[in-house]
Trainee: 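Would you mind keeping the following structure in view while I ask a few things?
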Amino acid sequence: MRLQVMEKENTSSFEGFILVGFSDRPHLELILFVVVLSFYLLTLLGNVTIILLSALDSRLHTPMYFFLANLSFLDMCFTTGSIPQMLYNLWGPDKTISYVGCAIQLYFVLALGGVECVLLAVMAYDRYAAVCKPLHYTVIMHPRLCGQLASVAWLSGFGNSLIMAPQTLMLPRCGHRRVDHFLCEMPALIGMACVDTMALEALAFALAIFIILAPLILILISYGYIARAVLRIKSAAGRKKAFNTCSSHLIVVSLFYGTIIYMYLQPANTYSQDQGKFLTLFYTIVTPSVNPLIYTLRNKDVKEAIKKVLGKGSIDV
């Protein structure tokens, strides 16, 4: 009898899931469908533009735009890995996702989120070198180092997910299939488990220290040195230029880390699903779509590159 129960649990653990999402608010689903689709299209347009400009304009062949192109590619992958399924579930009555689909989504959401944490720290170091070591900037941030730093970011995120995603998926759920979320995300899946998850939560917290907190500390240290260097600049124009160089990155860091820290550095038993859904919605659709705008609105180089590509070099933006 016990063997039959175990076999039933093992079989059910590989069945698909039901993504509850916002089905308890059916009046919101059509509105959210339009909003999510609009932001997704903006994300694709903005980030493809950044990648193409970084490749086509020789003035943007610098470390800053190399990392920015990595961030844009990352945002495109992140949204494409989660939003199409979300749109499908918002559009119709079918809220299911296969086990394999959920596993792939969980792996890439975890991996790309981790990559972004480390990549933002790398970009902060790049800004530190540009502001605090301007005469040695090209020597410090040489192409080989840039490639190595980008590789560390990508490998760190995917390595973290390679540890956490299988552990989360293999938790016994005792036949529970309803995920109280609109995507397969780690806190929601851990909350479905019918066993004590303290050990897994401890592992997740330990890895989060390296993937989330350590990069954040490096970002804060970098900007501490940057702030000290800026305050030493005597001219107001010089201080403004240095501030403009770093302000875009600071805004992106604040938007991204604010939601990530709240969601992943708290125990699962204190996790509010409603808050989690809207916060996930924010960093899944809003942040990737505004990143290109944040980096380009006050960026003269990007504006000039757009004019050059469009053949309007004589027209002011």
Side-chain angles (χ1 to χ4, degrees), residues 6-21 74 77-86 89 95-118 154-215 256 259-281 283-284:
M6 289 178 66
E7 287 176 350
K8 183 178 179 182
E9 287 185 3
N10 288 337
T11 302
S12 66
S13 67
F14 289 98
E15 291 179 358
F17 296 93
I18 300 169
L19 297 175
V20 175
L74 165 67
C77 294
F78 184 81
T79 52
T80 301
S82 55
I83 287 182
Q85 179 70 43
M86 191 192 310
N89 290 347
K95 311 296 181 186
T96 60
I97 183 173
S98 68
Y99 180 87
V100 173
C102 184
I104 292 172
Q105 190 177 77
L106 173 66
Y107 179 75
F108 280 100
V109 166
L110 274 177
L112 296 172
V115 174
E116 185 154 357
C117 289
V118 181
W154 286 92
L155 291 173
S156 298
F158 278 87
N160 172 64
S161 186
L162 195 60
I163 296 171
M164 289 307 305
Q167 298 270 6
T168 303
L169 287 166
M170 294 307 295
L171 284 172
R173 292 179 292 274
C174 301
H176 298 156
R177 297 177 57 212
R178 292 172 63 85
V179 182
D180 193 9
H181 217 300
F182 53 80
L183 54 80
C184 291
E185 195 169 48
M186 190 174 71
L189 291 172
I190 290 177
M192 293 171 60
C194 57
V195 295
D196 184 8
T197 59
M198 187 176 295
L200 181 60
E201 289 180 53
L203 175 62
F205 187 83
L207 289 173
I209 291 175
F210 292 99
I211 296 295
I212 299 176
L213 286 184
F256 180 77
T259 54
I260 291 294
I261 287 176
Y262 180 84
M263 291 186 62
Y264 286 95
L265 293 183
Q266 61 174 324
N269 57 4
T270 64
Y271 182 78
S272 168
Q273 288 295 347
D274 282 340
Q275 287 179 333
K277 288 177 190 178
F278 285 103
L279 283 171
T280 304
L281 198 63
Y283 84 76
T284 302

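All values below were derived from every heavy atom in this structure, side-chain atoms included, with hydrogens, water molecules and symmetry-related copies excluded.
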Trainee: Keeping the roles fixed (side chain from Thr168, backbone from Met186), state whether a donor-acceptor pair exists under 3.5 Å.
Mentor: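 No.
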Trainee: Looking at Leu200, is its backbone amide N or carbonyl O close enough to the side chain of Thr197 to form a donor-acceptor pair, meaning the two atoms are under 3.5 Å apart?
Mentor: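 Not confirmed, Thr197 side chain does not pair with Leu200 backbone.
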Trainee: Say you draw a straight line from CD of Gln105 to OG of Ser98; how long is it, rounded to the nearest 0.5 Å?
Mentor: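 Gln105 atom CD to Ser98 atom OG measures 10.0 Å (nearest 0.5 Å).
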Trainee: For the side chain to side chain contact (heavy atoms under 4.5 Å, CB included) test, which of Leu169, Leu203, Leu106 pairs with Met164?
Mentor: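 Passing option: Leu203.
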Trainee: Do the non-hydrogen side-chain atoms of Pro166 and Tyr107 ever get within less than 4.5 Å of each other?
Mentor: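 Pro166 does not reach Tyr107 side chain to side chain.
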Trainee: Over 60° means perpendicular and under 30° means parallel, so classify the ring planes of Phe158 and Phe108, tilted if in between.
Mentor: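 Phe108 vs Phe158 ring planes: perpendicular.
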Trainee: Can you tell me how far apart CD1 (Ile190) and CE (Met198) are? Round to the nearest 0.5 Å.
Mentor: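 Answer rounded to 0.5 Å: 12.5 Å.
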Trainee: Would you sort out whether Phe78 and Val115 count as a side chain to side chain contact (heavy atoms under 4.5 Å, CB included), showing the intermediate values?
Mentor: CA-CA 10 Å; Phe78 184 81; Val115 174; over 6 Å; no
Trainee: When rounded to the nearest 0.5 angstrom, what is the spacing between CG in Leu213 and CD1 in Ile211?
Mentor: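 Result: 11.0 Å between the selected atoms.
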Trainee: Would Ile97 and Phe17 satisfy side chain to side chain contact (heavy atoms under 4.5 Å, CB included), going step by step from the backbone distance to the final call?
Mentor: CA-CA 5 Å; Ile97 183 173; Phe17 296 93; 3.9 Å; yes
Trainee: Using side chain to side chain contact (heavy atoms under 4.5 Å, CB included), reason through Trp154 and Val118 one step at a time and then give a plain yes or no.
Mentor: CA-CA 8 Å; Trp154 286 92; Val118 181; over 6 Å; no
Trainee: Verify, without hydrogens or angle tests, whether Gln85 (side chain) and Thr96 (backbone) share a donor-acceptor contact under 3.5 angstrom.
Mentor: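 Answer holds: yes.
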Trainee: Do you know which two heavy atoms are closest between Pro84 and Thr79, and how far apart they sit?
Mentor: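 Shortest heavy-atom contact: CD-O, 3.6 Å.
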Trainee: Atom CG of Leu281 and atom OG of Ser82: how far apart are they, to the nearest 0.5 Å?
Mentor: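 Result: 10.0 Å between the selected atoms.
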Trainee: Would you compute the distance between atom CG of Asp180 and atom CG of Leu189 and round it to the nearest 0.5 angstrom?
Mentor: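 The distance works out to 11.5 Å.
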Trainee: Atom CD in Glu185, atom OG1 in Thr284: separation rounded to 0.5 Å?
Mentor: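 With rounding to 0.5 Å, CD (Glu185) is 6.5 Å from OG1 (Thr284).
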Trainee: Is there a side chain to side chain contact (heavy atoms under 4.5 Å, CB included) between Val179 and Val20 once you walk through the steps?
Mentor: CA-CA 6 Å; Val179 182; Val20 175; 6.0 Å; no
Trainee: Report yes or no: does Lys95 contribute a side-chain atom to a donor-acceptor pair with the main-chain N or O of Ile18 at less than 3.5 Å?
Mentor: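 No; judged by distance alone, with no hydrogens or angles, the pair does not exist.
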